[in-house]
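The structure under discussion appears below in the form of structure tokens.
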Amino acid sequence: MTLDPAHPTGRSGDWTDAKLIYALEEVVETELNRHLKAAKDWMPHEYVPWSQGRDFDGLMGGEPWSLEQSKVTDVGRTALVVNLLTEDNLPSYHHEIATIFGREGAWGTWVHRWTAEEGRHGIVLRDYLLTTRAVDPVQLENFRMAHMSEGFESDNAHSMLHSVAYVAFQELATRISHRNTGRESGDPVCEKLLARIATDENLHMVFYRNLLRAAFEIAPDQTMRAVRDVVVGFRMPGHGIPGFERAAARMAIGGIYNLRIHMDDVLQPVLRYLGVMEIAGLSPEGQKAQEELGTFLGGLDSEARIFDERLAARRARLEARKARES
């Protein structure tokens with residue numbers, strides 16, 4: 001990595017977004033080349049059971065959708081809609097990262113490559129859901145229109161470092177959500193499809209995680225503050241979906257994404273890999289951010305433990321009810 005000696009080190013002053021983008025250009029190029037070697041192209045149409053498809057009512061005069069036609073579980077159906085609607089907002093995501101990272105050089109190549117890969121996810125999810133009649137197509141389209149009409153504005157658009165920190169966690173969270181949705185869907189075809197998507201999301205996470213690691217090397221205090229802010233205020237990008245809170249509660253109870261999963265499978269793996277809590281030599285402000293991050297994680301773990309206990313009690317009640325009814 002080549003650094004301009006005139007650039008601040010992050011200890012005597014904050015880096016501007018422009019200077020950070022310049023300083024990290026070589027890292028982006030290295031990570032982009034690694035990603036292109038690791039990523040495997042795949043065809044969305046190969047993951048869709050087209051033979052199960054038939055006309056819907058309306059212009060084609062086919063059969064209207066009804067719930068009994070869906071082969072996926074209730075929690076799988078909820079999660080699939082949330083996952084697809086999240087992917088649908090790709091135009092807004094592309095606009096945001098292209099505005100922050102730019103369209104030139106390695107940064108621009110990555111922005112467009114990432115967008116192209118993410119585009120596959122929305123294509124194949126919608127094709128699968130409609131072909132298999134897994135969800136109500138009218139409701140799905142109404143949700144899409146409402147969600148996209150609201151637009152999307154990230155909580156972290158004000159800062160390049162905050163944006164990098166956010167996607168390092170968010171890409172992993174998306175991977176976990178897709179993977180668990182597949183496992184809980186009750187349909188082997190759906191599970192295979194979502195495992196393929198999860199593989200892409202994991203590669204995206206690795207790109208941003210490694211970029212975040214490089215940011216810690218050149219601007220440790222500023223990066224620590226960004227990580228603290230992102231972890232404390234983390235929200236999934238689909239939080240604006242109609243009925244998101246109710247859907248998220250169903251997904252939490254169903255074991256697709258909840259506090260324990262967020263803590264153990266998303267936050268901790270990234271933080272451990274980067275050694276965030278062990279970074280030494282920070283300024284007083286950086287140390288404060290590190291301590292506040294640790295305090296927050298301790299509180300989140302306590303909340304997750306309470307959630308686990310309540311979930312276990314709920315399952316016990318359901319099992320007891322089933323036993324009585326049988």
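Note that these values count all heavy atoms, side chains included, but never hydrogens, waters or copies made by symmetry.
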Assess whether side-chain hydrogen bond (donor to acceptor under 3.5 Å, both in side chains) is satisfied between His147 and Asn89, documenting all intermediate values. CA-CA 8 Å; His147 184 41; Asn89 246 341; 3.1 Å; yes

Does [X] pair with [Y] as a salt bridge, N-O distance under 4.0 Å?
X: Glu285; Y: Lys288; result: no
X: Lys71; Y: Asp187; result: no
X: Arg113; Y: Glu117; result: yes
X: Arg225; Y: Asp14; result: yes

Pair Arg305, Asp301 - check salt bridge (Lys or Arg N to Asp or Glu O under 4.0 Å), show working. CA-CA 6 Å; Arg305 191 177 303 113; Asp301 187 62; 2.7 Å; yes

How about [atom1] on [X], more than 12 heavy atoms from neighbouring residues, nucleotides or ligands closer than 6.0 Å, or not?
X: Arg314; atom1: CZ; result: no
X: Glu191; atom1: CD; result: yes
X: Glu150; atom1: CD; result: no
X: Arg272; atom1: CZ; result: yes
X: Met277; atom1: CE; result: yes
X: Glu245; atom1: CD; result: no
X: Met60; atom1: CE; result: no
X: Leu59; atom1: CG; result: no

Does [X] reach the main-chain N or O of [Y] with its side chain, forming a donor-acceptor pair under 3.5 Å?
X: Asn258; Y: Ala252; answer: yes
X: Asn180; Y: Ile256; answer: yes
X: Thr78; Y: Ala247; answer: no
X: Asn33; Y: Glu29; answer: yes
X: Ser177; Y: Ala173; answer: no
X: Glu25; Y: Ala106; answer: yes
X: Gln290; Y: Leu282; answer: no
X: Thr73; Y: Gly186; answer: no
X: Ser185; Y: Gly182; answer: yes
X: Thr223; Y: Ala215; answer: yes

Ring centroid separation for Trp110 and Phe207, is it under 6.0 angstrom? yes

Mind checking whether Phe234 and Tyr166 have ring centres under 6.0 Å apart? yes

Decide yes or no on side chain to side chain contact (heavy atoms under 4.5 Å, CB included) for Arg103 and His112, but give the supporting numbers first. CA-CA 8 Å; Arg103 300 172 182 268; His112 297 310; 3.8 Å; yes

Would you mind reporting whether [Y] and [X] have side-chain heavy atoms less than 4.5 Å apart?
X: Gln170; Y: Val230; value: no
X: Thr174; Y: His204; value: no
X: Ser66; Y: Gln69; value: yes
X: Val82; Y: Tyr257; value: no

Test side-chain hydrogen bond (donor to acceptor under 3.5 Å, both in side chains) applied to Asp221 and Ser283, step by step: CA-CA 7 Å; Asp221 297 311; Ser283 70; 3.2 Å; yes

Angle class for the Trp107/Phe101 ring planes (parallel below 30°, perpendicular above 60°, tilted otherwise)?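 Aromatic pair Trp107/Phe101 classed tilted.
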
Aromatic ring pairing Trp42/His121, orientation class (parallel under 30°, perpendicular over 60°, tilted between): parallel

Run the salt bridge (Lys or Arg N to Asp or Glu O under 4.0 Å) check on Asp308 and Arg260 step by step: do they pass? CA-CA 7 Å; Asp308 290 342; Arg260 175 54 62 198; 2.9 Å; yes

For Trp114 and Tyr93: C-alpha separation, side-chain torsions, deciding distance, then whether side chain to side chain contact (heavy atoms under 4.5 Å, CB included) applies. CA-CA 10 Å; Trp114 174 86; Tyr93 308 148; 3.8 Å; yes

Transitively linked via ILVMFWY side-chain contacts under 4.5 Å: [X] with [Y]?
X: Ile176; Y: Leu311; result: no
X: Leu36; Y: Val111; result: yes
X: Leu193; Y: Leu203; result: no
X: Tyr273; Y: Val266; result: yes
X: Ile253; Y: Met251; result: no

Hey, could you give me the NE2/CG distance between His162 and Asp17, rounded to the nearest 0.5 Å?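 Here the rounded value is 10.5 Å.
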
Distance col, row Met145:CE vs Leu85:CG, nearest 0.5 angstrom, shows 12.5 Å

Derivation and outcome, salt bridge (Lys or Arg N to Asp or Glu O under 4.0 Å), residues Arg175 and Asp200: CA-CA 8 Å; Arg175 172 208 168 195; Asp200 282 358; over 6 Å; no

Looking at Tyr47, I'd like to know if the NZ or CZ of Arg196 sits under 6.0 Å from its six-membered ring centre while staying within 45 degrees of the ring's axis.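 No.
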
Kindly determine whether Val28 and Ile21 satisfy side chain to side chain contact (heavy atoms under 4.5 Å, CB included), including the steps that lead there. CA-CA 9 Å; Val28 172; Ile21 288 172; over 6 Å; no

So if I apply the side-chain contact (heavy atoms from CB on, under 4.5 Å) rule between Arg77 and each of Leu129, Thr181, Val135, which one comes out positive?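 The residue from Leu129, Thr181, Val135 that satisfies side-chain contact (heavy atoms from CB on, under 4.5 Å) with Arg77 turns out to be Val135.
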
